[in-house]
Amino acid sequence: MVAITLPDGSVKRFDGPVSGKQVAQSIGAGLVKAALAVKVDGEVRDLAREIAHDAAVEIVTRKSPEALELLRHDAAHVMAQATQELYPDTQVTFGPATETGFYYDFARKEPFTPEDLEQIERRMHEIVDRDLSLEREVWERNHAIRHFEDIGEKYKAQHIETLPAGEEISIYRQGDWLDLCRGPHLPSTKNLGHAFKLMRVSGAYWRGDASNEQLQRVYGTAWRDEKELKAYLHMLEEAEKRDHRKLGREMDLFHFQEEAPGAVFWHPKGWATFSKLLDYMKRRNEEGGYVEVNAPQIMDRSMWEASGHWEAYHEHMFTTETEDGRTFAIKPMNCPGHVQIFNQGLRSYRELPLRLAEFGKVHRYEPSGALHGLMRVRAFTQDDAHIFCTPEQVKQEVQDASRMILSIYRDFGFETVRIKFSDRPDKRIGADHVWDRLEADLKGALDEMGEPYELNPGEGAFYGPKLEFVLRDAIGRDWQCGTVQVDMNLPERLDATYVGQDGERHRPAMLHIAKLGSLERFAGILIEHYAGRLPLWLSPLQVLVATITSEADGYAREVAAALKKAGLKAEIDLRNEKINYKVREHSLKKVPVIAVVGAREAAEQTVALRRLGGQTQEVLALSEAIHRLSNEAVAPDLAAASEETAPAAPAAAAV
RNA sequence: GCCGACGUAGCUCAGGGGUAGAGCAACUGAUUCGUAAUCAGUAGGUCGCAGGUUCAAAUCCUGCCGUCGGCACCA
C-alpha cells in the first residue's frame with residue numbers, strides 16, 4: 001500500500017509503487033496532459049519515476065513555479081542534440097538552466113557562427129515537434145565511462161570519474177540521442193514548447209578554470225509561452241535604452257577614447273553630477289565623524305612591498321621609473337597611505353576610533369576584457385575610509401558604518417538592499433579565536449540592528465571577515481557597492497600601534513569602509529537606475545528656460561537669472577525654433593524641468609513648468625516656481641535636516 | 001588575459017576590389033510659432049592604426065589598438 005497525500009490534503013491509496021503519471025491519471029485526464037513532473041516530498045522528479053513509499057505529492061504543470069527550470073534544462077538538452085546532429089564533431093559538456101534561460105558548453109575546434117546558431121535553433125524546433133519521450137536509465141559507473149570514451153565524449157567521461165563513488169549515474173535518452181544528466185526532465189521534447197531563442201555564443205573555461213581549455217558556450221532564453229518570451233526580449237530592449245554608455249553620450253555627461261582605455265573623460269554636465277555625489281558624501285562623512293585626508297598618488301615600490309600589495313598585485317599596478325632609477329607605483333588602494341597618517345606621532349587610545357576618509361583616485365591595471373563603461377574602469381574614485389580603533393570598539397563601528405550605508409542608499413532611492421556576510425576562507429591569516437571574535441562582532445552588529453543578512457560562507461578576505469551591501473536597481477539588477485571589512489593584516493605589516501590605558505603599545509583594529517564603492521561606477525548605476533532621469537538635486541542642469549517667441553527673450557533672461565540666484569542650475573534656449581522642437585530636444589537630453597515663457601508669461605510674470613516626460617504644464621508665478629523648485633532641489637540629507645529644524649525657520653525668516 | 005563579433009561623418013547606420021553614401025546633428029538663410037522634429041541650402045570622412053596581396057583596397061590577408069557579448073579576474 002502506498003498512500004499519496006495531495007496538496008488539498010486528500011489521500012489516494014495505491015496497491016503498490018505508483019508513477020507520477022498514474023497519480024495524475026487518478027485525479028483527472030486533463031491533469032495527465034498538463035503534467036510535466038511530480039514533486040515528491042518537496043523534490044521534483046520525473047513523471048515516470050515510481051513512488052514506492054507514502055509521500056506528499058504535487059503534480060508539476062506548466063504553471064508551477066518549478067516548470068521554468070525544467071523547461072530550460074530540457075531546452076539545453078534539445079540544443080545539445082540539435083547541435084550534435086548538425087555538427088557531429090562537437091563534444092558536449094554541461095548544460096544547465098540559468099535565471100532567464102539556459103546554456104550549453106560545447107567543445108569543438110571550429111567556432112560557431114551566428115548563422116550556425118540560427119541553424120541550431122531551427123533544428124531545436126524540429127526536435128520539439130518530433131515529440132521524443134525522455135527516458136531515464138541508470139548505468140553502471142564503469143560502463144558509463146567506457147561508453148562516453150568510446151563515442152569520443154571525453155569531457156563526460158572525465159566528469160563521471162570525478163563523481164562521488166556512491167552517486168547514481170543517470171542517463172537521459174531522447175530519441176537516439178542521450179546525455180549524462182541528474183535530471184529531472186520533462187516527459188517529452190514536445191513539452192518544451194517553442195518559446196525559446198538562442199542569444200549568443202561566447203567562450204567559457206572547462207570547469208570555470210582559466211588554466212583549462214576553452215569551450216564554446218551557447219546561451220539561450222526559454223519561457224513558458226510566447227508572451228513571456230516577448231516580455232523578456234522587451235525587457236532587454238528597455239535595459240539597453242537605459243545603458244549608461246548610451247545615456248552618457250546622449251546627455252553629454254562623459255566619454256571614453258582609445259588613448260585612455262578604462263579612464264573617464266567627464267564633460268561639464270557629468271562632472272556636475274559627480275561633484276554633487278562627492279559633496280553629498282563629504283557631508284555624510286562629516287556627520288558620521290570621519291575626517292578627510294589625502295595621501296600621495298605615487299609611492300615608492302618599497303611601500304607596496306611592505307603592505308603586501310606588490311607581491312599579490314604588482315601585475316595589476318601602474319608603475320613609473322624615475323631618472324634616479326627608483327620604481328614608484330601609482331596607488332591602487334588608499335589603505336597604506338592612511339596607515340602612514342595613523343603612524344605619524346604616537347597615538348593614544350584616547351584618539352580612537354580615528355576614522356580617516358579619502359576620496360582617493362586609484363588606478364588599477366584591470367584585464368582588458370573586464371572593462372565596461374563606468375562600471376569597470378582602470379582609474380576611479382573610491383569613497384574610501386579606514387577606521388582605526390580598539391578591538392572593543394569594532395562592533396560599534398561596524399554598526400555605525402552599516403547604518404550609514406543603508407541610510408545613504410535610501411537617499412538615492414534604492415528600496416531593496418541586501419547584506420551579505422562573508423566569513424573565514426580556507427586560506428587565511430590570524431588565529432581562529434580572533435576570527436571567532438571578529439565574525440561575532442560583524443554578526444552581532446547586524447543582529448542588534450535587526451538587519452537581516454545572508455551568509456556567504458568562506459568568501460571573506462584572507463585578512464578578515466566582511467559585510468557586503470548589495471542594492472537592487474529599478475529593473476531588478478543587483479549591484480554590490482558598500483563593504484565593511486576587518487583587517488588583521490595591514491596594522492601588523494605596517495606596524496601600526498597606539499598606547500593604551502595601561503601605558504603599553506597595542507595593535508589597533510582596522511576597518512576598511514566603502515559606502516558607494518567607486519564613485520564612477522555608482523554614477524553609472526544611478527544613470528541606469530533612473531534611466532537618465534536624475535532627481536533634481538543630482539541633475540547637472542535643473543531648469544531650462546525656453547522661449548516661444550523672441551519677444552520673451554528679455555523676460556527669459558530675467559527668469560534664468562532669478563533661478564540662478566536661488567541656487568538652481570539654469571540655462572536659456574533663445575533659439576529661433578518652435579517650442580515643440582525645444583521641448584523635444586531638451587526632453588531627450590533628460591532636462592528635468594522646462595520653464596516655457598512666451599508673451600503671456602512675460603506679461604504676467606509667470607512661468608509654465610513642464611516636467612520631464614509629463615503631458616501637462618503648470619503655470620506659476622515666477623516667485624512661487626522658484627520657491628518650489630529650490631525646495632525640491634535640496635539634497636535629501638539636507639532636506640531631512642531642514643525638516644528637523646523647521647520650527648526655527650519662521651523666526652529666521654522674520655529677521 | 002581567453003573565445004567570438006564589431007570599428008565608415010558628431011550620432012545611428014548603408015556600401016563589400018574600380019570617383020565615399022543616407023537620416024539626424026552642425027553651419028547659413030527664411031519662418032516669431034503655445035508644449036516631443038518648420039522649410040530650404042551649405043559644409044563635413046586618410047573608412048581604427050600599421051603592414052601585405054593587387055594595375056587598383058573602405059572592401060581580401062596578417063599584426064596591433066579599441067569597443068561589444070561572455071568566461072576568467074575584481075586587493
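None of the values given here were measured: they were computed from a predicted structure. Every chain is numbered from 1, with letters handed out A, B, ... down the list of sequences.
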> Should B:G17 form a Watson-Crick or G-U wobble pair with both distances under 3.5 Å, which nucleotide is its partner?
Replying inline: none

> Considering Watson-Crick and G-U wobble pairs with both distances under 3.5 Å, what does B:A43 pair with?
Replying inline: none

> Want to settle it: does A:R600 or A:G262 sit nearer the 5' end of RNA chain B, counting the closest nucleotide to each?
Replying inline: A:R600

> Between B:G34, B:A36, B:A72, which nucleotide gets closest to the side-chain atoms of A:L588?
Replying inline: B:A36

> If we call it a pair only when both distances are under 3.5 Å in a Watson-Crick or G-U wobble match, what pairs with B:U53?
Replying inline: none

> NA contact type, A:R245, heavy-atom cut-off 4.0 Å: base, sugar-phosphate, or nothing?
Replying inline: sugar-phosphate

> For A:I579, which contact category applies under a 4.0 Å heavy-atom criterion: base, sugar-phosphate, or nothing?
Replying inline: sugar-phosphate

> Hey, does A:E618 reach any base, or is it just sugar-phosphate, or nothing, if we go heavy atoms under 4.0 Å?
Replying inline: nothing

> What do you reckon, are the aromatic ring centroids of A:W206 and A:F94 less than 6.0 Å apart?
Replying inline: yes

>> Without decimals, in angstroms, what is the distance between A:Y104 OH and B:G70 P?
In response: 22 Å

>> Counting only side-chain nitrogens and oxygens, does A:Y219 get under 4.0 Å of the OP1 or OP2 atom of B:C71?
In response: yes

> Heavy atoms under 4.0 Å, any strand shown: does A:I594 hit a base, just sugar-phosphate, or nothing?
Replying inline: nothing

> Using purine N1 to pyrimidine N3 plus N6-O4 or O6-N4 for Watson-Crick, or N1-O2 and O6-N3 for G-U wobble, each under 3.5 Å, what pairs with B:G66?
Replying inline: B:C6

> What's the CZ-C1' distance between A:F106 and B:C71, to the nearest Å?
Replying inline: 16 Å

> Roughly, in whole Å, what's the span from CZ in A:R376 to C1' in B:G1?
Replying inline: 12 Å

>> My understanding is that a pair needs two contacts under 3.5 Å, Watson-Crick or G-U wobble. By that rule, which nucleotide pairs with B:A30?
In response: B:U38

> Should the pair A:F414 and A:F522 be assigned to parallel (<30°), tilted (30 to 60°) or perpendicular (>60°) ring geometry?
Replying inline: perpendicular

>> Output the rounded distance in Å from CH2 (A:W206) to C1' (B:A72).
In response: 16 Å

> Does the ring centre of A:Y104 sit less than 6.0 Å away from the ring centre of A:F102?
Replying inline: no

> If you check the A:R249 side chain, which of B:C11, B:A75, B:G69 turns out closest?
Replying inline: B:C11

> Which part of the nucleic acid, if any, lies within contact of A:A312, taking any heavy atom under 4.0 Å across all strands shown: a base, the sugar-phosphate backbone alone, or nothing?
Replying inline: nothing

> Does OP1 or OP2 of B:A36 have a side-chain N or O of A:R610 closer than 4.0 Å?
Replying inline: yes

>> Of the options B:A75, B:U38, B:A36, whose atoms approach the side-chain atoms of A:K578 most closely?
In response: B:U38

> Considering only side-chain heavy atoms of A:L371, which listed nucleotide, B:U67, B:G69, B:A75, is closest?
Replying inline: B:U67

> With sugar-phosphate meaning primed atoms plus P, OP1 and OP2, does A:P261 contact a base, only sugar-phosphate, or nothing at under 4.0 Å between heavy atoms?
Replying inline: sugar-phosphate

> Checking all strands, does A:A461 fall into the base, sugar-phosphate, or nothing category for heavy-atom contacts under 4.0 angstrom?
Replying inline: nothing

> For B:U35, does OP1 or OP2 lie under 4.0 Å from any side-chain N or O of A:N580?
Replying inline: no

> Given atom CZ of A:R533 and atom C1' of B:A36, what is their separation to the nearest angstrom?
Replying inline: 11 Å

>> By the 4.0 Å heavy-atom rule, please label A:G208 as base, sugar-phosphate, or nothing.
In response: sugar-phosphate

> For atom CD of A:E305, is the number of surrounding heavy atoms from other residues, nucleotides or ligands below 6.0 Å larger than 12?
Replying inline: yes

> Do the ring planes of A:F256 and A:F254 sit parallel (below 30°), tilted (30 to 60°) or perpendicular (above 60°)?
Replying inline: perpendicular

> Can you tell me how far C1' of B:G66 sits from CZ of A:R378, to the nearest Å?
Replying inline: 11 Å

>> In whole Å, I'd like the distance from the CG atom of A:L215 to the P atom of B:A72.
In response: 11 Å

> With nearest nucleotides of RNA chain B determined for A:F112 and A:E585 from heavy-atom distances, which residue corresponds to the more 5′ nucleotide?
Replying inline: A:F112

> Is A:H372 near enough to B:G69 that one of its side-chain N or O atoms lies under 4.0 angstrom from OP1 or OP2?
Replying inline: yes

>> Does A:A608 reach a base, just sugar-phosphate, or nothing at all? Heavy atoms under 4.0 Å.
In response: base

>> Please determine whether a side-chain nitrogen or oxygen atom of A:S368 lies at a distance below 4.0 Å from atom OP1 or OP2 of B:G1.
In response: yes

> Under 3.5 Å, side chain of A:K331 to main-chain N/O of A:A295, donor-acceptor pair present?
Replying inline: yes

> Which listed nucleotide (B:A75, B:G4, B:G7) is nearest to the side chain of A:P111?
Replying inline: B:G4

>> Pairing check on B:A58: which nucleotide meets the Watson-Crick or G-U wobble criteria with it, both distances under 3.5 Å?
In response: none

> Is A:G517 touching bases, backbone alone, or none of the nucleic acid, heavy atoms closer than 4.0 Å?
Replying inline: nothing

> Does A:Y365 get its side chain close enough to the base of B:G1, under 3.5 Å, for a donor-acceptor pair?
Replying inline: no

> Taking the side chain of A:M333 as its heavy atoms from C-beta onward, which of B:A75, B:A36, B:U32 lies nearest to it?
Replying inline: B:A75

> How is A:P332 classified with respect to the nucleic acid when contacts are heavy atoms under 4.0 Å: base, sugar-phosphate, or nothing?
Replying inline: base

> Using a cut-off of 4.0 Å on non-hydrogen atoms, how would the nucleic acid contact of A:E577 be classed: base, sugar-phosphate, or nothing?
Replying inline: base

> When we call it a touch if two heavy atoms are under 4.0 Å apart, what does A:Y581 touch: a base, just sugar-phosphate, or nothing?
Replying inline: sugar-phosphate

> When the aromatic ring centroids of A:H386 and A:F342 are compared, is their separation below 6.0 Å?
Replying inline: no

> Of all the nucleotides listed (B:G34, B:G69, B:C71), which has the minimum atom distance to the side chain of A:Q214?
Replying inline: B:C71

> Starting at CD of A:Q480 and ending at C1' of B:A75, how long is that distance when rounded to a whole Å?
Replying inline: 13 Å

> Do side-chain atoms of A:K582 reach the backbone of A:T547 as a donor and acceptor pair under 3.5 angstrom?
Replying inline: yes

> Which is it for A:E213 and A:Y155 under the side-chain hydrogen bond (donor to acceptor under 3.5 Å, both in side chains) test, yes or no, and what are the steps along the way?
Replying inline: CA-CA 11 Å; A:E213 50 218 290; A:Y155 293 94; 2.8 Å; yes

> Looking across every strand, which nucleic acid part, if any, lies under 4.0 Å from A:Y463 by heavy atom: base, sugar-phosphate, or nothing?
Replying inline: sugar-phosphate

> Is there a Watson-Crick or G-U wobble partner for B:A25 with both distances under 3.5 Å, and if so, which one is it?
Replying inline: none

